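A short worksheet on the structure shown next.
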Amino acid sequence: MTRALLALIRRDFRLAVRAGGGVGLPLVFFLSVVAVTPFAIGPDMKLLARVGTAILWIGALLSTLIGLDRLFGADAEDGSLDLLFAAPAPLPLVVLAKAAAHWTVTGLPLAAAAPLLGLMLNLPPEALGAVALTLLLGTPALTLLGMIGAALTVGLRRGGLLLPVLVLPMAVPVLIFGVSATNALVAGEGGSAPLMLLLAASLGSLVLAPVAAAAALKGAQS
Amino acid sequence: MIALANPARFNALSGSLLPWLAGLTAILFAVGLYQAFFVSPADYQQGETVRIMFVHVPAAWLAMFGWSLMSIASLGVLVWRHPLADVAAQAAAPIGAAFTLIALVTGSLWGRPMWGTWWEWDARLTSVLILLLMYLGVIALRAALDEPSRAARLVAILTLAGFVNIPIIKFSVDWWNTLHQPASVFRVDGPTIHPDILVPLLVNALAFTCLFVTLHLVGMRTELTRRRVRGLQLRAAEER
Amino acid sequence: MQLTADDLTVERGGRRVLEGVGVKLGPGEAMVVTGPNGAGKSTLLRALAGLLPLAQGRISVEGGDGERTAAEHMHFLGHLDGVKGALTARENIAFWADFLGGDSTATETALEAVGLGHAADLPAGTLSAGQKRRLSLARLAVARRDIWLLDEPATALDTDGLDRLASLVEIHRAAGGLVVAATHADLGWAMTKRMVLGRAV
């Protein structure tokens with residue numbers, strides 16, 4: 001069972017980093033969102049510093065959704081999806097393995113790049129570390145919730161458009177806890193309540209999202 | 001529930017029930033609206049605008065009632081495989097969304113004199129807004145799926161995922177903004193609203209609930225007919 | 001190993017696309033399913049693979065590893081090849097060997113068996129349609145499962161490819177494996193059961 005899951009993670013990772021895998025796209029999108037925001041609210045460095053963590057979280061949330069339709073879409077197009085059901089492992093674990101590979105090439109780089117983009121938004125040093133940490137803890141929840149949407153819309157013509165519509169409302173708590181936790185960390189409150197809630201959201205979705213996504217994939221077969 | 005398993009029997013039963021339900025709804029509305037406008041006093045702080053509450057509160061209650069109904073129907077689809085469950089879920093979605101919209105609009109109208117703005121990022125209003133987005137998501141997902149049994153299963157999964165997530169969203173939004181006044185109708189130590197307001201409120205809530213059920217039954221009957229027509233069309237296409 | 005399916009019924013859009021079909025196969029047996037377009041051949045195979053919800057009927061696998069589910073005894077080859085163009089032929093096959101629980105050391109022999117030994121290190125995206133089909137046949141050989149469900153296995157194959165498919169099936173059956181194949185083409189396999197699906201009336 002472990003062998004099958006590891007093989008799947010390895011393959012998805014390999015596919016992502018090969019040419020045409022689009023590993024850098026969410027990151028470029030993240031950069032673009034952060035770069036255009038000052039054009040809307042003005043180059044006021046004080047204001048940017050105040051709303052910077054929020055911009056980074058919004059940018060990360062939207063970037064996570066980019067490419068999520070490929071999570072199962074690519075496998076559905078070439079027929080691999082049918083074979084994922086035949087693994088010697090429970091389907092929720094199979095989809096969890098896919099989510100893990102996906103997060104490694106999307107969520108993790110976003111968290112790593114956030115401090116750099118934070119510099120452009122005039123964030124104070126303590127906020128740079130805080131936003132990286134909260135994104136590191138929060139992006140798994142975003143990927144996992146997004147996976148439910150990806151499973152629900154697999155094989156749909158406008159699935160890529162429908163997916164954010166389904167996922168964004170569900171992601172509201174993660175956004176709230178994420179930004180609050182960042183602000184609490186900046187204010188010097190270490191293991192604050194919002195940080196714990198953010199962690200709880202990630203852990204909760206780690207348990208529930210694979211079950212829901214597996215049920216959706218199963219239900220999408222017809 | 002077993003007796004209702006047969007769509008034909010459901011049609012017969014709901015058909016004989018509908019006139020009574022519609023009549024009851026009309027009577028309850030007549031009583032409720034009369035009380036709301038003429039019996040219930042104006043609020044000493046909010047004046048006449050308090051009367052919008054008689055629409056706003058029932059609508060907000062039905063917004064949540066609608067999703068709960070859909071969730072039970074979704075269990076019916078996934079667990080009990082009841083043939084009418086998906087019809088019930090499908091018919092409830094637009095009605096629930098409509099009441100959610102009514103709750104939002106009346107909340108906004110009420111907010112204008114109360115807060116001085118059309119929209120306030122108040123915890124309850126925000127939660128209801130997100131609930132509306134989730135209703136629209138369910139409706140959009142169903143619209144995107146053309147194979148009925150697949151649509152039934154997927155919409156049911158999304159509905160149940162929402163059912164699990166809605167309390168968490170509610171909690172997070174409350175936590176994010178605790179400016180709104182605390183709950184006042186259902187409290188353990190009894191209602192704090194004056195009976196002159198509470199009684200009309202409950203009558204109106206009952207009237208709106210009856211309206212919901214009436215519309216839901218009509219919606220289910222319409223949907224059943226639509227599915228029968230589709231089945232007949234498919235069969236006609238097959239004949240050579 | 002015994003594959004038994006009774007009264008298989010599948011509904012789509014409120015319409016029965018498959019109704020009351022039964023399948024019974026023992027060790028080493030093969031069945032070829034034919035019938036006009038829309039007769040439900042693919043539906044039958046997908047249903048056997050556990051990929052479709054059944055309106056009625058049951059599928060059972062007896063004499064296999066009790067630890068494994070029915071789906072884990074089956075190897076489904078659909079219309080689509082399940083080949084990733086960005087991976088090399090060898091990587092594709094090695095992945096399925098690992099993922100489906102096969103023998104990853106048999107990769108080379110499997111590729112040779114389908115005549116792709118020379119292309120093992122080419123990206124699968126550069127292969128022709130027939131070669132991709134061969135690659136998916138190599139998957140059957142490398143990830144050993146007792147029951148093969150082949151949906152139009154001959155698609156895009158030339159005569160050499162058909163011969164290689166036939167010998168893969170031969171070896172599989174000799175080892176006690178079961179095969180159900182849906183096809184339009186004449187596969188030229190020895191001693192097969194036949195099933196003709198008609199349009200549901």
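In the text below, chain A, chain B and the rest are named by the order of the sequence lines, each starting its count at 1. Just so it is clear, the structure is predicted and the values come from calculations on it, not from any experiment.
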Return the minimal non-hydrogen interatomic distance between [X] and [Y], and the atom names on each side.
X        : Y       : value
A:Gln221 : C:Pro53 : O-CD, 3.8 Å
A:Pro88  : C:Phe99 : CD-O, 3.1 Å
A:Ala86  : C:Ala71 : CB-O, 4.1 Å

I'd like to know which of A:Asp75, A:Leu6, A:Leu5, A:Leu81 tops the heavy-atom pair count under 4.5 Å against chain C.
A:Asp75

Among A:Leu84, A:Leu83, A:Leu8, who wins on heavy-atom pairs under 4.5 Å with chain C?
A:Leu83

How long is the gap from [atom1] on [X] to [atom2] on [Y], to the nearest 0.5 Å?
X        : Y       : atom1 : atom2 : result
C:Leu45  : A:Asp82 : CG    : CG    : 11.5 Å
C:Arg46  : A:Phe85 : CZ    : CZ    : 8.5 Å
C:Phe95  : A:Ser80 : CZ    : OG    : 7.0 Å
C:Leu100 : A:Arg3  : CG    : CZ    : 9.5 Å

Tell me, for C:His75 versus chain A, whether the close heavy atoms (under 4.5 Å) come from the side chain, the backbone, both or neither.
side chain

Salt bridge or not between C:Asp98 and A:Arg11? Use side-chain N to carboxylate O under 4.0 Å.
no

Please flag which part of A:Ala97 lies under 4.5 Å from any non-hydrogen atom of chain C: side chain, backbone, both or neither.
neither

NZ (C:Lys24) with more than 12 external heavy atoms under 6.0 Å
no

Can you tell me if C:Glu170 has over 12 outside heavy atoms packed within less than 6.0 Å of its CD?
no

Flag the one option from C:Val10, C:Asp81, C:Val83, C:Leu80 with the top tally of heavy-atom pairs under 4.5 Å to chain A.
C:Leu80

